[in-house]
Asks: 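Quick one: this structure, given as structure tokens, is what I'll be asking you about.
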Number of protein chains: 4
Amino acid sequence: MTSSKKKEKYDLILDAALKVFAEHGFHRSQVAKIAREAGVADGTIYLYFKRKEDILICLFREQLGRLLQLAHDAIQDITDVKQALRTICEIHYTHLENNVDLAFVTQIELRQSSLELRKEIGIAFKPYIELVENVLHKGIEQNVFRPDLNVKLVRLLILGAIDEVVTSWLISGQKYSLAAQVDGTVNFFLQGIDQ
Amino acid sequence: MTSSKKKEKYDLILDAALKVFAEHGFHRSQVAKIAREAGVADGTIYLYFKRKEDILICLFREQLGRLLQLAHDAIQDITDVKQALRTICEIHYTHLENNVDLAFVTQIELRQSSLELRKEIGIAFKPYIELVENVLHKGIEQNVFRPDLNVKLVRLLILGAIDEVVTSWLISGQKYSLAAQVDGTVNFFLQGIDQ
Amino acid sequence: MTSSKKKEKYDLILDAALKVFAEHGFHRSQVAKIAREAGVADGTIYLYFKRKEDILICLFREQLGRLLQLAHDAIQDITDVKQALRTICEIHYTHLENNVDLAFVTQIELRQSSLELRKEIGIAFKPYIELVENVLHKGIEQNVFRPDLNVKLVRLLILGAIDEVVTSWLISGQKYSLAAQVDGTVNFFLQGIDQ
Amino acid sequence: MTSSKKKEKYDLILDAALKVFAEHGFHRSQVAKIAREAGVADGTIYLYFKRKEDILICLFREQLGRLLQLAHDAIQDITDVKQALRTICEIHYTHLENNVDLAFVTQIELRQSSLELRKEIGIAFKPYIELVENVLHKGIEQNVFRPDLNVKLVRLLILGAIDEVVTSWLISGQKYSLAAQVDGTVNFFLQGIDQ
DNA sequence: AATGAATGAGGGTTCATTCAT
DNA sequence: TATGAATGAACCCTCATTCAT
């Protein structure tokens, strides 16, 4: 009972933080504002999080975990690596398009943080990196992807490219469909721009 | 004479800012520290820049201008669009590898800014975008690149991919050569990962 | 039974407080820390003490009571007032030397309190004051001490002098024997510094 | 000019701090309150003092310096060591009686500080200690004071005794004359209480 | 143009105390 | 009696910006 309540309040705060961060940005979001939004006292925040930055980190971990789970489950039964890559991209775009608040936090606010925090984020991001690298490795083994690929570099290129598309879509004011970019994106990944 | 002095001091401040931002990050760089580094009084900064963020914007414009000029000059006489793309990527990587301070400011510090600032930065970034898009358009016209390319999307994908490679190299502690990634990067852009 | 348990817990808390106050100082000693040391819940503290300062006051009362009892018992059968004074001083120094935690609390932490608290402390200190004044009065009656003594003033001088010796010994890091100062102290009280 | 203004503001703040500390105590005195009393902005305080505690230390140094100067000047031409001791005591009592705010700060507020701060205070107090010890040494040399005196111990006893008299006078509400205690105090120091 | 002293708004965090259970 | 989760008031200090000189 107590633990369920604790869980509830923990989530209450994270939900409130997501909303407040998305609206005002990390630096402009006072802890007091998050507390008010969550319906708890300022001090209560500090029963669940060590400091303000921790809220951001936990929020990211939690949310990235869901995205990862979605992607993981979706490619579980897919043997076609090209299709797997497409699915990852599709889920990535779709999930962020359906969760604009989350998109703002990951694409904009999360970058406004100290180098130390970015390293923390990097660690949390590891499983997602591995998901992509696994697909690449499998593709090379299956002779579907070119054997001379530098997997780490290609992974950077793919995730950097995806990231920029999402950020650009956000900054533009979400005036077009993000999910509609999947085909163009994946074709680029697979065939490049050369004739 | 006066204007030349003004020019001098303006540059003095920007040079100081680049150094200080790179060392301490934007938020940890007090205006007073930049002033001391530049050898001027705190108040003098405000004769040349409206506010602290302006220093960052101007610094970015100035430096991006140089990179743009380098790239522009280098592809001037190149008719082979593939080679042009390679040259842009090569200059981008090489220039940032040779100017780590600049790299830190553009890849890390510049992101730690408000949405408004990022829009400003976007505007300054326009000419670089056009440079890349021009190459893409030319390549399509020449039937070297695929005719169905969504140029804006591909440009995002290319610049996002490059950006991530640079950031990752920085965060890793510049433990390997950035310029050595040109081949892998451009091959990916041209042929993708498909066999 | 209940009252005995209460007594037990009351003492448990005071013992914990003495330890925690001595180690961290009054202001740096959170109520939570005392509670943990005592093995009770935070809220339980408030069943026995009105507020944090009360713990300090009660602790002082309790401990001073013991010192007073020791001194009182020791001079009970002493008719020589000079010897009585020496005994009081000896017990004071010895007791604090043997209870450094207590010394820290009385000499350092107790002073870090509001004027109001110091008045409370003054009241608790009354019996000790009377003990000393009684010896002085008796000495005057017996024509052992000078008849023109201002008893209240002399009592202040004596206790102030003793207090400073103890504090200085503490701050010095207890590098010498406090009890060894009894002779020098009492000689000063009795004969002054004049040849 | 500038330095004279700086001096002025420095003193303005110290004067304000003395008043505010005396009235509300150190811990209850917000920096903002001192600033308002001094007629400067909050931030200005920090142009002259590193932190709140520094104000207290500087205040003490400044004021103790004056008291020391007074005592030093007064005993300059006195060859009679007994008279010198009397003069020191007289000036101490008189000065604090004439500067009740100062008395509150030195006797009450200054004690409510961390052990570290008390060490700082101890250093500032050194010259005063030496003043007293010099008189004691001289008295022993002149065969006026007993040759077997433990000078350091006696100095502690004397200053401790004086200190307690002042504090007691303060806590009592200054209902009697402090200066009137000089005779009783000095007689005690010289002859003790023995017949 | 240049100075640099002065300004003052702004917020994360602690912790004594309460109260529902 | 006992718990301990929740409360929320309280405050020092930084630093971007201004302005009198």
Asks: Quick check: does any side chain N or O of B:Thr44 sit under 3.5 Å from a backbone N or O of B:Val40, one acting as donor and the other as acceptor?
Replies: no
Asks: Starting from P on F:dC12, measure out to CZ on D:Phe49 and report it in whole angstrom.
Replies: 15 Å
Asks: May I ask you to verify if any side-chain N or O of C:Tyr48 is less than 4.0 angstrom from the OP1 or OP2 atom of F:dA2?
Replies: yes
Asks: Checking contacts here: which listed nucleotide (F:dA16, E:dT13, F:dT7) is nearest the side-chain heavy atoms of B:Lys52?
Replies: F:dA16
Asks: Using atom CZ of B:Arg36 as one end and atom P of E:dT3 as the other, report the distance to the nearest whole Å.
Replies: 14 Å
Asks: Considering residues at least two apart in sequence or located in another chain, which fulfil the side chain to side chain donor-acceptor pair (under 3.5 Å) criterion with A:Glu37?
Replies: A:Lys19
Asks: Assuming nearest nucleotide by heavy-atom distance, tell me which of D:Ser29 and B:Ser29 is located more 5' along DNA chain F.
Replies: D:Ser29
Asks: Could you check how far OH of C:Tyr46 sits from P of E:dA16, rounded to whole Å?
Replies: 6 Å
Asks: Which value, rounded to the nearest 0.5 Å, describes the distance between C:Ile34 atom CD1 and C:Leu18 atom CG?
Replies: 10.5 Å
Asks: Within this structure, what is the CG-to-P distance between C:Leu12 and F:dT1, rounded to whole angstrom?
Replies: 15 Å
Asks: DNA chain E: B:Gly43 or A:Arg51, which has the more 5' nearest nucleotide?
Replies: B:Gly43
Asks: Would you indicate which nucleotide in F:dA6, E:dC15, F:dC13 comes nearest to any side-chain atom of A:Leu47?
Replies: F:dA6
Asks: side-chain contact (heavy atoms from CB on, under 4.5 Å) with B:Arg61: which residues, sequence neighbours excluded?
Replies: B:Ile57, B:Cys58, B:Glu120, B:Ala124
Asks: Picking from E:dT17, F:dA6, F:dT17, which would you name as closest to the side chain of A:Thr44?
Replies: F:dA6
Asks: If you only use heavy atoms from C-beta on, which nucleotide in F:dA16, F:dT3, E:dG4 is closest to the side chain of B:Ala41?
Replies: E:dG4
Asks: Rounded to the nearest angstrom, tell me the gap between atom NZ in D:Lys33 and atom P in F:dC12.
Replies: 10 Å
Asks: Distance check needed: F:dC15 C1' versus D:Ile45 CD1, whole Å only.
Replies: 16 Å
Asks: Just compare F:dC12, F:dT18, E:dG11 and give me whichever is closest to any side-chain atom of A:Gln30.
Replies: E:dG11
Asks: Mapping A:Val31 and D:Val40 to their closest nucleotides on DNA chain E, which lands nearer the 5' end?
Replies: D:Val40
Asks: Taking only side-chain N and O atoms of B:Lys9, does any of them lie within less than 4.0 angstrom of OP1 or OP2 on E:dA2?
Replies: yes
Asks: In whole angstrom, what separates C:Glu8's CD from F:dT1's P?
Replies: 13 Å
Asks: Output all residues satisfying ring-ring contact (aromatic ring centres under 6.0 Å, His included) with C:Phe60, sequence neighbours left out; order by chain, then residue number.
Replies: none
Asks: F:dA6 P sits how many Å from A:Tyr10 OH, rounded?
Replies: 15 Å
Asks: Flag the pair C:Val105 / C:Leu56 as yes when at least one side-chain heavy-atom distance between them is below 4.5 Å, and no otherwise.
Replies: yes
Asks: Not counting sequence neighbours, which residues clear salt bridge (charged side-chain N to carboxylate O under 4.0 Å, His left out) with A:Lys52? List them please.
Replies: none
Asks: Which dot-bracket string describes DNA chain F (Watson-Crick N1-N3 plus N6-O4 or O6-N4, or G-U N1-O2 and O6-N3, all under 3.5 Å; [ ] crossing; | other strand)?
Replies: .||||||||||||||||||||
Asks: Taking the minimum atom-to-atom distance to the side chain of D:Asp42, which one of E:dA9, F:dC12, E:dT17 wins?
Replies: E:dA9
Asks: With sequence neighbours left out, what residues match C:Phe49 under ring-ring contact (aromatic ring centres under 6.0 Å, His included)?
Replies: C:Tyr10
